[in-house]
Amino acid sequence: MDKILDQLNKEQRLAVEAVDGPVMVIAGAGSGKTRVLTFRVAHLLNLGADPFNILALTFTNKAAREMKERIIKLVGNADAKNVWMGTFHSIFARVLRSEAHRIGYPGNFTIYDTDDSKRLIKAIVKEQNLDDKIYTPNYVLGRISSAKSSLITAEAYNANEEILLQDKMAAKPQLGEIYQTYKNRCYRAAAMDFDDLLLNTYFLLKNFSDALIKYQKKFKFILVDEYQDTNHAQYMIIKQLAANDENICVVGDDAQSIYGFRGANIQNILNFKRDYPDAREFKLEQNYRSTKSIVKAANSIIVNNKDQIFKEIWTENEEGNLIQLVKSATDNEEGTMVANSIFETEMNRQLKHDAFAILYRTNAQSRSMEEALRRLNIPYRIYGGLSFYNRKEVKDLLAYYRLTINHKDEEALKRVINYPARGIGKTSMEKIIVVADQSKSSLWDVIEQPVKFALNLNSGTLNKISTFVTMIKSFRAQLITKNAFDLAKLIASSSGIMKDLYEDKTPEGISRYENIEELLNAIKEFSEKERELQEGEDVKADLPEFRTLDEFMQDIALITDADIQDKNATEKVSLMTIHAAKGLEFPYIFIVGMEENLFPSIQSLGSRSDLEEERRLFYVAITRAEKKVTISYAESRYRWGNLTICEPSRFIDEIDKQYLEFPRRAIINKPTQVKTQPQKPIIHIDKKLKKLNKSQNVYGSEAIPFDESVIEKIIPGIEVEHNRFGRGKVIGVEGAGASKKAAVFFKNIGQKQLLLKYAKLKILD
DNA sequence: ACCGTATTCAGCGCG
DNA sequence: TGAATACGGT
């Protein structure tokens, strides 16, 4: 055991060994924060703590999974796998499932995702005849979400004169009403949204003292990662759970708090010592990740912030490269320069693609980077964007599963009752909704017993509804008799979804069908794995031997695309926002778009605290790098379709000059004429480039049609190569002669529809 | 019911 | 600019 602890430095070891009473660890970037958390859990287990008594809360599922793997390596599987480790949401969803009855929910409640919440809000706004320009789903959900994060219930919201006045002043007086209706609808649907998982946990512990005592006893040792990004609800839940033993250890870095806009409260970490006067504080200040230049440059930026806990990050690593500053004329040129630089560095130093990450402030910036990388045939992966579980066809099928498990799930019901089309249209749905509202019953109750509710529809429609109800009920009956995969497959085909997608032979349709197959594969994999043993008191006695569909649904309700592991990620350059890069590290980091009004964002300029958050964001970006940071800005950039002139970011000036290397040369010289007629030529080139990358039929009249015989040889199944898109497989063809088109799936960039006359495809053997 | 066109909107996003 | 959605015609 001591051998384990010998792997730690002095401060890390002190933090790990302080297992009694409240502890705060301020862990600078790259200082071994995760190491402390994992070793602390391992140490507790070695000291004989029961794994079931350890609660470790992380920021993402991925962090939880990785931490668990590391603990398993330290102490072995048997103990480690029983530690309660996960995100706030996943842990407390689990708690709520077993305690739901106390707050009037069934244990199989649905978790609404953001999409469900927005749809519901949209429906409510429409029903109440409110202006959907004023009450946009985004705004309303944001408002409700921040209320919930502050533990303000709908009732409290409507009883609070100050809040109501605020809404009135903002010309949005109906928000309280919408919040209340939203809450009632969620309840009626036996659904909780993400914020409810925290809000309801808080009130469960507050209002049921036996529940509080139970979980205080259960969670004897509490660890919280990324404490600087916890919101008020999370803070209060922890406070309640830790109130007795105060055996709580929080780890974080105030300098890396970047989620204030979402309700994270940096004061939670700044005030820890006030909340727990006996708290011991440890500072991890030695950075093991980055070079001296990077560490010192990062320090020189963060000192500009007023709100912070004093610390001095240092490293024993080599001096390393200076921070390189790159200037470009346009956003596209910026992409080219970054891509070239990656290409050169890879060649010079024999590096793989995964040594590089390109970080940006907004997702919209990814395009110019993508295009440039594609031109150089550098494989990349974009993080963020549309995730697998957000695809329409996947959500549709999942909605059937949700409805099967929880008939009251109204968002699922509305989604699938007429998909595939079965003649239950808009008018019928509207009537059902009105009846449900008037009788204060769920949509399911109404369609299950239309006579009882005097549902006024013609007999044909009633028949169709009855068929639908019978089908869903029959699915339900099989929840306990079939394993997850068998039932999932059955639902996919009996619902008609498989048939509907199969009949669509467009490339998009084929891809949708494949996505469904992929989902079913995932369920199959799940079914074949053994159920992880749960703690004695939580085991549901009547669980069948096989894993069921509702277990699968619970498993995936809280996962996001960041949790899906890309098997080929190792061979790709990573593109992501700085927010998404939190917690990650790469040898080479490119921070692009370092311009005023973009980074710092224009919305942040109004207040000091917002600007400080932007500065912390920049700090996070720089400290992701191990070897070298390149920061880049463009003098002009397309934003919302307009060419805008940009100035370098103020953050560049804040970097201590001795760590900064200024541009050596401009790769593309700015011709002097640009100054006299500045914008037009740039726009022209830019437009052409964009089109070239989007579709293939813009080579114009100069395009040389390919040999007819080659076109004829292009048939589904063969492998082809495109000079820009790389290798791919032909999925389908349509048309003939000059207008023959092929759908090709490219390994690197996905599916494309190509006009063969122009696409210079090479046939591979 | 479905498709093409008009309109709108645009910050970062855990679960 | 471009995507996502609303609308209006067939």
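Here the structure is a predicted model, which means the values were calculated and not measured.
Comparing dG11(B), dG15(B), dG13(B) against the side chain of Glu614(A) picks out dG11(B) as the nearest. With dC14(B), dG15(B), dG2(C) as the candidates, the nucleotide lying closest to the side chain of Phe59(A) is dC14(B). Candidate nucleotides dG13(B), dG2(C), dG15(B) were compared by shortest atom distance to the side chain of Thr60(A), and dG15(B) ranks first. In this structure, the nucleotide among dG11(B), dG15(B), dA3(C) sitting nearest to the side chain of Ser601(A) is dG11(B). The side chain of His579(A) lies closest to dC12(B), out of dC12(B), dC14(B), dG11(B).
With hydrogens and angles left out, the side-chain atoms of Asn363(A) and Ser366(A) include no donor and acceptor closer than 3.5 Å.
With sequence neighbours excluded, the residues satisfying side-chain hydrogen bond (donor to acceptor under 3.5 Å, both in side chains) with Thr362(A) are Gln365(A). Residues passing the side-chain contact (heavy atoms from CB on, under 4.5 Å) test with Glu585(A) are Arg289(A), Glu626(A), sequence neighbours excluded. Residues passing the ring-ring contact (aromatic ring centres under 6.0 Å, His included) test with Phe92(A), sequence neighbours excluded: none. For Ser495(A), the side-chain contact (heavy atoms from CB on, under 4.5 Å) test picks out Tyr400(A), Ile497(A), with sequence neighbours left out. Every side-chain contact (heavy atoms from CB on, under 4.5 Å) that Asn265(A) has, sequence neighbours left out, goes to Gln267(A), Asn268(A). Annotation: side-chain contact (heavy atoms from CB on, under 4.5 Å) contacts of Ala233(A) (sequence neighbours excluded): Leu151(A), Leu198(A), Asn231(A).
Judged by distance alone with a 3.5 Å cut-off, no donor-acceptor contact links the side chain of Gln234(A) to the base of dG15(B). Residue-to-nucleotide contacts include no donor-acceptor pair under 3.5 Å from the side chain of Arg262(A) to the base of dC12(B).
Nucleic acid contact class of Arg361(A) (heavy atoms, under 4.0 Å, all strands): base. Nucleic acid contact for Thr362(A): sugar-phosphate only, since backbone atoms but no base atoms lie under 4.0 Å from a heavy atom of the residue. Across all strands shown, Asp193(A) has no heavy atoms under 4.0 Å from either base or sugar-phosphate atoms.
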Tabulate protein N/O versus nucleotide N/O from nucleotides 1-6 of chain B, keeping only pairs under 3.5 Å, one per line.
none

Restricting to nitrogen or oxygen on both sides, can you table the protein-nucleotides 5-10 of chain C pairs closer than 3.5 Å?
| from | atom 1 | to | atom 2 | distance (Å) |
| --- | --- | --- | --- | --- |
| dA6(C) | OP1 | Lys122(A) | NZ | 2.7 |

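Summarising the geometry, the separation between NZ on Lys148(A) and P on dG15(B) is reported as 18 Å, rounded to the nearest angstrom. Per the geometry, CG belonging to Leu598(A) stands 10 Å off P belonging to dC12(B), to the nearest Å. As a whole-Å value, the separation of Gln365(A) CD from dC12(B) P is 9 Å.
Taking the side chain as every heavy atom from C-beta outward, Gln554(A) and Arg97(A) approach each other to under 4.5 Å.
Taking the six-membered ring for Trp, Phe590(A) and Tyr360(A) have ring centres at least 6.0 Å apart.
Put simply, Tyr259(A) does not rest on the base of dC12(B): the two rings are not both less than 5.5 Å apart at their centres and under 30° in tilt.
Summary of the strand contacts: Leu197(A) and Ser604(A) both lie near DNA chain B, and taking for each the nucleotide with the nearest heavy atom, the more 5' one is attributed to Ser604(A).
Pairs passing the side-chain hydrogen bond (donor to acceptor under 3.5 Å, both in side chains) check and including a residue from residues 117-126 of chain A, sequence neighbours excluded, read Asp115(A)-Arg119(A), Ser117(A)-Tyr182(A), Lys118(A)-Asn138(A).
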